[in-house]
Amino acid sequence: MSKLKIYNTLTNKKEEFKPINPNHITMYVCGPTVYDFAHVGNARPVVVFDTLARLLRHDYRKLTYARNITDIDDKIIEAAAGGDIAEITNKYTRHYEEDMAALNAEMPDITPKATEYVEDMITLISDLIEKGHAYEADDHVLFQVSTMKDYGELSGRTVEDLLAGARVDVASYKKEAPDFVLWKPSTADQPGWDSPWGRGRPGWHTECSAMIEKNFGNTIDIHGGGLDLIFPHHENEIAQSKCSHGGAALANHWMHNGYLTVDGEKMSKSLGNYVTVHELLEEFPRLGEAIRMCLLTAHYRQPVDFSRDGILQANKQLGKWYKLTEGIEATKPASEVLESLRNDLNTPKAIMELHQLSKDENRKGELLASARMLGLLEREFSNPGSVGINLAHTDIIALVSERAEAKNKGKLAESKEERIKHFARADEIRADLAMLGIKLHDKPDGTTDWE
RNA sequence: GGUGCGGUGGCGGAGAGGCUACGCAGCGGAUUGCAAAUCCGUGUACACCGGUUCAAAUCCGGUCCGCACCUCCA
């Protein structure tokens, strides 16, 4: 068995994964801000890191996987429009968990909520002020980026560049342009918490640092998220944690998934080119698994282009595999699949190996176990098959048997005319049923299946 | 402008110095009254120009093109 290799954004290299404690792996992935439905792009990290979690659970004794819920944020306040933000956040947290479950993503071990960590964030912020890395100004608390020598190690930026490339509108309370908010004041009608700096709420980056410290300590094995979080979000998390922890690394391995694209462009809210998982599941009921497979057909660091055609193609392939593994007991994941995954989570290669396994009569148990390693073929029973709306079950059976009779007569017919007549009737029935979405399959033994 | 990631057969998509995946579609065949399914066979592609090498899609230099981050974003 070869060792797990992971591409590390910190070094821009593929490295051997070296756990802090091989008996207990720690992983933290940035989760959603719950103010709206998640789109398919938001689902990509969920599926990617769920797959990694499955591998880690297979290869190591124990994994604790955390994914946060950001349930305090200006967008949420906006969405609540003066109402109780908990209504919004509860609603969308529930939708998020349902939609991700439809993609066969297991729940992480812990899903900390920002609002439950406000005290810890206040402690962290106070510590940063004490250590001279943060300052209070105008009811805000800001992190002073220039106090950290190695700021920018993840994104390849330098403090000098950031100071030089000052944005057009630098907030008046900032000492320097790159400084970022750790705490901000709340007005009377905005949700807020009491703090040494008045009633207010935490800045976005603060929660992750606080949550990681409380649940895992100074340093975790893997920190993950989308490519767009590298800067500023993860960079600022690193700044907060390192400066508070005397320079200890926040995470040893930083992993970032690429984007889901639409016609080559990033799927995003601001571009308006997004489809929510919720909508998609309504459009393709029960195809969550096919959506998952689509997300895994490309390597996680590469872009993957979203298409409905891709979902249907994946579904077709899954159908074949389901059929092939009907009644088969899952055994052990194939080493080929495991090896592919251990090589920086090469899911496209793993899927290729699945195809190979499906060709081997003797490895169906492995095929099933391997597919499940990827979160696929988890359904226990095959589709019961829905019945057409306009036709009762008995009507279909009647038509199928009428066709069988016509077919039979056609085969036995003496004259050419007779034969054509009967076959024409048989084909007519096939066409009629096809229009209702019912497909007929003649089997070699003379019987006919329909679905 | 800075930084990063890419450009592989009709499409999707691995590989990363020699053995040129895989899937879908296509084509040919078997089977079939028709259809589907299935099976067999079938594809020498790596943006461009130089260089290194016995050997480059893979390494080096340059060119062109695309995307992304630098502002909330998975």
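Chain letters run A, B, ... following the sequence lines, proteins first, then strands; residues in each count from 1.
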Base, sugar-phosphate, or nothing: which does [X] touch, judged by heavy atoms less than 4.0 Å apart?
X	value
A:Gly41	base
A:Arg67	nothing
A:Lys320	sugar-phosphate
A:Gly258	base
A:Ser155	sugar-phosphate
A:His39	base
A:Leu260	base

Out of [options], which has the shortest distance to the side chain of [X]?
X	options	value
A:Asn12	B:G4, B:U38, B:G23	B:G4
A:Arg157	B:U38, B:A68, B:C70	B:C70
A:Asp161	B:G6, B:G2, B:A74	B:G2
A:Pro45	B:C70, B:A74, B:G23	B:A74
A:Gln313	B:C69, B:G23, B:A74	B:G23
A:Pro348	B:A74, B:A14, B:G23	B:A14
A:Phe231	B:C69, B:G33, B:A35	B:C69
A:Gln302	B:A74, B:A14, B:G33	B:A14

Q) Where do A:Gln240 and A:His205 land on the side-chain contact (heavy atoms from CB on, under 4.5 Å) test, with the steps shown first? A) CA-CA 9 Å; A:Gln240 292 158 355; A:His205 313 302; 3.5 Å; yes
Rounded to the Å, how far apart are [X] [atom1] and [N] [atom2]?
X	N	atom1	atom2	answer
A:Asn42	B:C72	CG	C1'	13 Å
A:Met352	B:A21	CE	C1'	5 Å
A:Leu229	B:C72	CG	P	12 Å
A:Lys266	B:G6	NZ	C1'	17 Å
A:Asp228	B:U3	CG	P	21 Å
A:Glu235	B:G4	CD	P	13 Å
A:Lys184	B:C72	NZ	C1'	10 Å
A:Trp254	B:A74	CH2	P	16 Å

What distance, rounded to whole Å, do you find between the two [atom1] atoms, one in [N] and one in [M]?
N	M	atom1	value
B:U38	B:A57	C1'	36 Å
B:C60	B:G4	P	15 Å
B:U63	B:A25	C1'	35 Å
B:G12	B:A45	C1'	14 Å
B:G1	B:G62	P	16 Å
B:C59	B:A74	P	34 Å
B:C49	B:C64	P	15 Å
B:U8	B:G23	C1'	15 Å

Practice prompt. Evaluate the side-chain contact (heavy atoms from CB on, under 4.5 Å) criterion for residues A:His95 and A:Met100: first the C-alpha distance (whole Å), next the side-chain angles of each, then the deciding distance (0.1 Å), finally the verdict.
Written response: CA-CA 8 Å; A:His95 282 305; A:Met100 296 310 123; over 6 Å; no
Identity of whatever pairs with [N] - Watson-Crick or G-U, under 3.5 angstrom:
N	value
B:C59	B:G51
B:U42	B:G26
B:C72	none
B:G4	B:C67

**Message:** Is it the case that the base of B:G15 and the side chain of A:Asn346 share a donor-acceptor contact (distance under 3.5 Å, atom types as modelled)?
**Reply:**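 By the distance-only test, no, there is no pair.
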Could you check whether the side chain of A:Arg430 and the base of B:C34 have a donor-acceptor pair of N or O atoms closer than 3.5 Å, going by distance alone?
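For A:Arg430, whose side chain was compared with the base of B:C34, there is a donor-acceptor pair (under 3.5 Å).
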Looking only at side chains, do [X] and [Y] share a donor and an acceptor under 3.5 Å apart?
X	Y	answer
A:His39	A:Thr276	no
A:Thr187	A:Asp189	yes
A:Thr115	A:Asp71	yes

Item to complete: Using the closest heavy atom to pick a nucleotide of RNA chain B for each, name whichever of A:Val40 or A:Asp305 lands nearer the 5' end.
Response: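 Its nearest nucleotide lies further toward 5', so the answer is A:Asp305.
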Would you kindly compare A:Tyr7 and A:Lys316 by the position of their nearest RNA chain B nucleotide and give the one closer to the 5′ end?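 That would be A:Tyr7.
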**OP:** For residues A:Trp254 and A:Glu153, determine if any side-chain heavy atom of one lies less than 4.5 Å from a side-chain heavy atom of the other.
**Re:**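 Heavy-atom side-chain distance check fails, nothing below 4.5 Å.
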So, OP1 or OP2 of B:G23: does either fall under 4.0 Å of a side-chain N or O from A:Lys359?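 Indeed, a polar side-chain atom of A:Lys359 lies that close.
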(message) Within 45 degrees of the ring normal and closer than 6.0 Å to the centroid, is that where the cationic atom of A:Arg301 sits relative to A:Tyr7?
(response)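 Here A:Arg301 passes the 6.0 Å and 45° test against A:Tyr7.
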Any ion pair linking A:Lys409 and A:Glu405 (charged N to carboxylate O, less than 4.0 Å)?
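Yes, this pair counts.
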